[in-house]
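Here is how names work: the chains are called A, B, and so on, in the same order as the sequence lines, proteins then strands, and each is numbered from 1.
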Amino acid sequence: MKESGVEWVQIKEAFKAKPGSRISLKGWVRTRRDSKAGLSFINLHDGTCQDPIQIVALNDLPNYESEILHLNTGCSIEVDGELVESQGKGQSVELRASEIRVVGMVEDPDTYPVSAKRHSFEYLREVAHLRPRTNTFGAIARVRHALSMAVHRFFDEREFYYVHTPIITANDCEGAGQMFRVSTLDALNPPRTEAGEVDFEQDFFGKEAHLTVSGQLNVETYCCALSRVYTFGPTFRAENSNTSRHLAEFWMIEPEIAFADLADDARLAEDMLKYVFKDLLDRRADDMAFFDKRIKPGLIDTLTHIVESPFLRLPYTEAVDILQKSSKKFEYKVEWGTDLQSEHERFLTEEHFKQPVILTDYPKGIKAFYMRLNDDEKTVAAMDVLVPGIGEIIGGSQREERLDVLDQRIDEMGLPKDEYWWYRDLRRYGTVPHAGFGLGFERLVQFSTGMANIRDVIPFPRAPKQAEF
RNA sequence: UCCCCGAUAGCUCAAUUGGUAGAGCGAGCGGCUGUUAACCGCUAGGUUGUAGGUUCGAGUCCUACUCGGGGAGCCA
């Protein structure tokens with residue numbers, strides 16, 4: 001784009017341009033420092049890279065006194081000038097301004113919510129519309145994008161098809177927690193049946209409908225036709241969870257592979273995590289250096305180590321054994337047949353192995369009906385990928401492809417078999433062994449950036465009592 | 001939802017056993033300087049989260065609520 005006869009470039013491109021180039025930059029002021037030698041330094045960012053660029057504004061600019069000396073953090077400007085090698089330390093190049101046009105001033109600098117000082121993440125969450133202007137949240141936005149693209153690229157390179165599974169579901173049987181209702185009925189005065197219950201036959205879909213808690217059941221149908229598929233979409237859980245790693249609305253990646261068993265599934269999970277971490281370290285080196293320096297020292301080493309070394313695989317039964325034999329005092333006793341507590345998972349990843357661990361073959365009693373029953377008839381072919389600091393980042397399994405075994409599991413758990421008619425059809429017509437997993441995208445971003453709270457790695461977090469913006 | 005902790009200036013925090021609110025940063029003005037977490041001076045800025053209660057007197061004690069943090073459960 002041309003502006004005043006000078007080419008407008010992104011700041012990340014400006015850093016790569018040759019000194020002597022005449023360019024135009026547009027962005028938002030981060031800081032302004034004046035020198036009585038008759039010039040001001042303006043740090044300008046436009047979101048295209050971690051570092052702001054330094055603008056040098058001499059006092060011979062016509063609007064120096066009237067406007068430039070009044071620029072504050074947050075003001076938007078356009079700058080034409082010549083890229084020159086910097087005389088000062090701290091940056092290689094800077095833009096010597098020949099013209100600065102003020103696009104938007106900050107109305108009241110005294111109350112601008114993200115002034116040039118350190119702010120707590122809790123506070124910035126309250127100004128989520130302005131926090132992307134800070135270096136941390138700009139970096140998070142770029143990392144989110146990079147990870148999203150890496151996920152798609154990973155699957156595309158392996159001939160997986162991206163399947164758009166529905167957001168609204170009328171299955172009341174997905175069994176992954178509380179669901180949000182979707183309805184057009186009058187909530188204050190819904191139609192009633194003769195028995196006095198809400199008559200959902202009169203609702204939009206003719207039956208109860210909810211927001212999806214997982215795309216898995218739907219994506220299995222495409223897996224059993226296209227062989228390798230995945231979904232990557234919004235997912236909703238109405239659980240009253242108040243933790244640093246749960247959201248009511250989050251994005252989940254769910255691949256599903258046909259003619260595959262749990263070992264194939266675990267390999268896919270490992271390959272995928274390594275691919276996206278490596279891609280992130282390569283493509284967003286600037287932001288990762290920032291997270292490593294300011295958010296979580298050692299982050300880059302941790303991710304590099306994960307990329308370079310094989311994941312540990314450990315059956316649940318052996319994990320229980322390790323926990324029982326450890327001298328560590330746990331608040332909850334470890335017993336075969338019960339789910340591991342957070343403290344147990346943390347011990348394994350953070351103290352015992354100090355690396356990600358894939359736990360496999362859990363007792364059937366604590367896992368979902370669709371997970372394939374192992375030959376011991378006590379465990380199922382399930383896996384959890386546990387990482388230090390966060391815990392479960394991936395949950396997956398080989399699916400039960402044998403109709404008689406699936407039916408037995410549905411009965412055992414007291415689930416309504418009729419509701420699963422189309423899911424059961426997959427086992428009646430050309431069934432195949434298949435497997436898949438769910439990766440919580442925000443947990444991936446959390447782990448990749450070292451951010452402590454999941455509400456800070458999604459632009460506008462939804463959680464209990466939190467739906468502002 | 002449960003347990004623990006917290007809420008004081010735009011932001012981050014102080015304020016002895018209950019006795020009428022202070023600093024730093026940010027902001028405005030001035031000084032100094034090719035500056036970059038700049039530095040120095042001055043100024044403005046607060047019904048102490050909300051609603052009750054105890055007391056001569058409450059930022060401080062009590063109760064409820066709201067919101068936030070840490071941990072737990074549910075999970076991704």
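Side-chain to base pairing of A/E239 with B/U1: no donor and acceptor N or O lie closer than 3.5 Å to each other. Remark: the A/H246 side chain and the B/C75 base include a donor-acceptor N/O pair separated by less than 3.5 Å. A donor N or O paired with an acceptor N or O is found under 3.5 Å between the base of B/G34 and the side-chain atoms of A/R96. Judged by atom type and distance alone, A/S241 does not reach the base of B/C75 through any side-chain donor-acceptor pair under 3.5 Å. Looking at A/E343, its side chain has no donor and acceptor atom pair within 3.5 Å of the base of B/G71. Residue A/R245 places no side-chain atom within donor-acceptor reach of the base of B/A76, judged by atom type and a 3.5 Å distance cut-off alone.
A/L444 comes within 4.0 angstrom of nothing in the nucleic acid, heavy atoms only. Residue contacts for A/N242: at a heavy-atom cut-off of 4.0 Å it reaches a base atom on one of the strands shown. Note on A/S35: a base of the nucleic acid sits closer than 4.0 angstrom, heavy atoms only. Note on A/E126: nothing from the nucleic acid sits closer than 4.0 angstrom, heavy atoms only. No engagement by A/N43 is indicated, since no non-hydrogen atom pair under 4.0 Å with the nucleic acid exists. Residue contacts for A/Q54: at a heavy-atom cut-off of 4.0 Å it reaches a base atom on one of the strands shown. As judged by a 4.0 angstrom heavy-atom cut-off over every strand, A/E249 is placed among residues making no nucleic acid contact. When heavy atoms are screened at a 4.0 angstrom cut-off, A/I253 is found touching no nucleic acid atom at all. Counting non-hydrogen atoms under 4.0 angstrom, A/T243 reaches a base of the nucleic acid. Residue-level contact check: A/S86 touches the bases, meaning some heavy atom is under 4.0 Å from a base atom.
Between A/K333 atom NZ and B/A72 atom P the separation is 21 Å, expressed in whole Å. The interatomic distance linking A/Q341 (CD) with B/G73 (P) rounds to 5 Å, in whole Å. One can place CG of A/L39 at 12 Å from P of B/U33, the figure rounded to the nearest angstrom.
For A/S244, taking side-chain heavy atoms from C-beta onward, the closest of the listed nucleotides B/U35, B/C75, B/G71 is B/G71. If you check B/G73, B/G28, B/U35 against the side chain of A/S342, the one that comes closest is B/G73. For A/Y123, counting side-chain heavy atoms from C-beta on, the closest listed nucleotide (B/C11, B/G34, B/A76) is B/C11. Comparing B/C11, B/G26, B/G68 by their nearest atom to the side chain of A/H119 picks out B/C11.
No close placement of the A/Y162 and A/F155 rings is indicated, their centers lying 6.0 Å or farther apart.
Ring-to-base geometry places A/F250 in a stacked arrangement with B/A76 (centre distance under 5.5 Å, plane angle under 30°).
Counting heavy atoms from C-beta outward, A/N135 and A/R30 have side chains that approach closer than 4.5 Å.
Annotation for A/R153: atom CZ counts as buried by contact number, over 12 foreign heavy atoms lying within 6.0 Å.
For the pair A/K328 and A/F347, the NZ or CZ position fails the cation-pi test of under 6.0 Å to the six-membered ring centre and within 45 degrees of the ring normal.
Of the inter-residue distances, the one linking A/T136 atom OG1 with A/L124 atom CG reads 8.0 Å to the nearest 0.5 angstrom. Expressed to the nearest 0.5 Å, how far OG1 of A/T338 lies from OH of A/Y332 amounts to 11.5 Å. Expressed to the nearest 0.5 Å, how far CE of A/M179 lies from CZ of A/R237 amounts to 9.5 Å.
Residue whose closest nucleotide on RNA chain B sits further toward the 5' end, between A/A452 and A/G438: A/A452. The residue among A/E122 and A/A248 whose nearest nucleotide of RNA chain B is located toward the 5' end is A/E122.
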Per-nucleotide protein contact string for nucleotides 39-48 of chain B, where B marks a base within reach and S marks sugar-phosphate only (heavy atoms under 4.0 Å, - for neither): ----------
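Pair assignment for B/G30: B/C40, on the basis of Watson-Crick or G-U wobble contacts that are both within less than 3.5 Å.
No donor-acceptor contact under 3.5 angstrom links the side chains of A/R96 and A/S98, judged on distance only.
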